[in-house]
Amino acid sequence: MQITHRTQDNVDVIDFSGRLVMGAPVTEARKKLLEVVEAGQAQVVLNLADVTFMDSSGLSVLVSALKATRTKNGDVVLLNLTVPVHSLIKLTRLQQVFKIFESEAAAIESFKEQ
Amino acid sequence: MQITHRTQDNVDVIDFSGRLVMGAPVTEARKKLLEVVEAGQAQVVLNLADVTFMDSSGLSVLVSALKATRTKNGDVVLLNLTVPVHSLIKLTRLQQVFKIFESEAAAIESFKEQ
Amino acid sequence: MKKLSLKINSDTENVELVTECVRALCLFTSLSQASVDGVQLAVTEAVNNVILHSYKGESSHPIWLTISLQDEYLTMSLSDTGVGMEPILLQADRSSVTEIEPDDVMRLDEGGRGLFLIKATMDKVNYHSDGGTHTLQMTKYFD
Amino acid sequence: MKKLSLKINSDTENVELVTECVRALCLFTSLSQASVDGVQLAVTEAVNNVILHSYKGESSHPIWLTISLQDEYLTMSLSDTGVGMEPILLQADRSSVTEIEPDDVMRLDEGGRGLFLIKATMDKVNYHSDGGTHTLQMTKYFD
Ligand SMILES: Nc1ncnc2c1ncn2[C@@H]1O[C@H](COP(=O)(O)OP(=O)(O)O)[C@@H](O)[C@H]1O
Ligand SMILES: Nc1ncnc2c1ncn2[C@@H]1O[C@H](COP(=O)(O)OP(=O)(O)O)[C@@H](O)[C@H]1O
């Protein structure tokens, strides 16, 4: 699990790469996401382009980050889902609460419209 | 293990595909090769382009076919080795007894020169 | 029928070893890529549950997975010797976790999707305990 | 250290299940493709030898392979309960099989390349028997 973080137009873009699964990867990812939400504007783009596999503990990280941003009137949106990650989101119907983008510019732009 | 056989200019071209390993694949391959050598001119091009993996029992099939052709003044030449098969041939130094080709035309042609 | 058994200790860092072996074995079947992803997800969730719930997060306990490749389906039997669970937890309809109220994100469950996902991706799932050994059996028919 | 054990019965059709799992586990290492091919060849030869020689070609006997992934190397321990072999067979220089006389093809050995290939592709190989269980241990350092 590798995590990078950059900020653009007050939006935090976080790139995860590797397997977002139970154990060290999920612990790390949760910590990083909550730190970023805490410190910033709670406007988060989560780039999952290089996440090859995710399990339900990965989903719980996404959901807890979503809740954390919403308490600050922000949001988490998802960018570039791989096929297995997209299937997981659809199976659990979480596309109802996460906006999903295929372009980073559009994902960042989405926060301006609000 | 799939095997196909065609004849061109009195040369038998045999295509193996799959894993040439101990058990049913090697038994089948040995049987087919010896049949072809028996029935034909003992001029055999063995196309290994689709052999993804071979073990030492696969090599023993090649060696026994080579011996069978030589008793009829023929030869077995190898065509299109995949990386792992080529490594295996080189490790065991069998390139000293098998001619190796990368073009089917050249492999077939090699029998005319004799 | 081809059959292989795997064993790991109940450490989260070993889970991916099992799931990658399962993925590799699926190459011997006619399963589509999407189905293989599903099988890999199911086995991940199932092994995670054993570590987290049956062994309460303790490492060094044994977990066995036996994979059989039949002509028309594969089965995976996952066994452990932890506390196990009531089979009713699996038999119950677990789809309520997908009934989401988009306007009330704060009430969204963070967990509770594992058994649902196992049932959603596999064709048959059952669970039984016998003399302290608990076994989750999962079957997937080829496409 | 990540560790996983595999078990199959001594049937030739199960060998590829083991070797594909080994290949999949090598993805967690920094081994080059050529080294992975070598590891896969070594484990194939070793399992074939157990089936053919230690179990005399009989199926239904157990074969265990334990794979440990360390930081700088992997080890594979292959165990069986067949007749085993004299360790000297492995310790002996096996490279004579590569001394080929191209003009005398009829004297070429058809077999006898398995142990040579295991030693050629792995960095350390040793064999011991203990209470009827025979173990071939193979180590490969990462490139
Ligand atoms: N293998 C298992 N052993 C013991 N309990 C289990 C097992 N699998 C599931 N459970 C129980 O079933 C519940 C639901 O599991 P699951 O749907 O995977 O969600 P989660 O693991 O996120 O709680 C768990 O909280 C646990 O109480
Ligand atoms: N695991 C084993 N158990 C018993 N005997 C073995 C084992 N491995 C090798 N041998 C013995 O060592 C000999 C050489 O083995 P090998 O180099 O693999 O060539 P081959 O299997 O073609 O004979 C075998 O013929 C057999 O007698």
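In what follows, chains are A, B, ... by sequence order, proteins preceding strands, each numbered from 1.
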State the CZ-CZ distance between C:R113 and A:R93, to the nearest 0.5 angstrom. 12.0 Å
Given a strict heavy-atom distance threshold of 4.5 Å, which part of C:T121 is in contact with chain A: side chain, backbone, both, or neither? side chain
Largest heavy-atom contact set with chain A, pairs under 4.5 Å, which of C:E13, C:E16, C:E101: C:E16
Other residues, nucleotides and ligands only: do more than 12 of their heavy atoms fall within 6.0 Å of CG on C:D71? no
Kindly compute the distance separating NZ (A:K67) from CZ (C:R107), expressed to the nearest 0.5 Å. 10.5 Å
Does C:F142 have more than 12 heavy atoms from other residues, nucleotides or ligands lying within 6.0 Å of its CZ? yes
Contact class of A:L94 relative to chain C, heavy atoms under 4.5 angstrom: both
Under 4.5 Å to a heavy atom of chain A? For C:D109 that would be backbone
Relative to chain A, which segment of C:Q40 carries a heavy atom at a distance below 4.5 Å: side chain, backbone, both, or neither? both
Testing the basics here: between C:I100 and A:Q96, what is the closest heavy-atom pair and its distance to 0.1 Å? O-OE1, 3.8 Å
To check you understand the geometry: which heavy-atom pair defines the closest contact between A:V97 and C:P102, and what is its length? CG1-CA, 3.9 Å
Considering all heavy atoms, the nearest C:D37-A:P84 contact: OD2-CB, 3.9 Å
Any side-chain heavy-atom pair from A:R19 and C:T44 closer than 4.5 angstrom? no
Checking A:V83 against C:Q33 for the side chain to side chain contact (heavy atoms under 4.5 Å, CB included) test, could you report, in this order, the C-alpha distance in whole Å, the side-chain angles of both residues, the deciding distance, and whether it holds? CA-CA 10 Å; A:V83 171; C:Q33 189 56 48; over 6 Å; no
Is the number of heavy atoms from other residues, nucleotides or ligands under 6.0 Å of A:K72 NZ greater than 12? yes
Looking only at heavy atoms, what is the nearest atom pair of C:V105 and A:R70, with distance? CG2-NH1, 3.1 Å
Heavy-atom side-chain contact between A:L88 and C:L117 under 4.5 Å: yes
Is atom CG of C:D104 surrounded by more than 12 heavy atoms (other residues, nucleotides or ligands) closer than 6.0 Å? yes
Less than 4.5 Å apart, any side-chain heavy atom of A:V21 and any of C:V15? no
Side chain from CB out, backbone as N, CA, C, O: work out which of these in A:S87 comes under 4.5 Å of a heavy atom of chain C, or both, or neither. neither
Find the distance between OG (A:S56) and CD1 (C:I118) and round it off to the nearest 0.5 Å. 8.5 Å
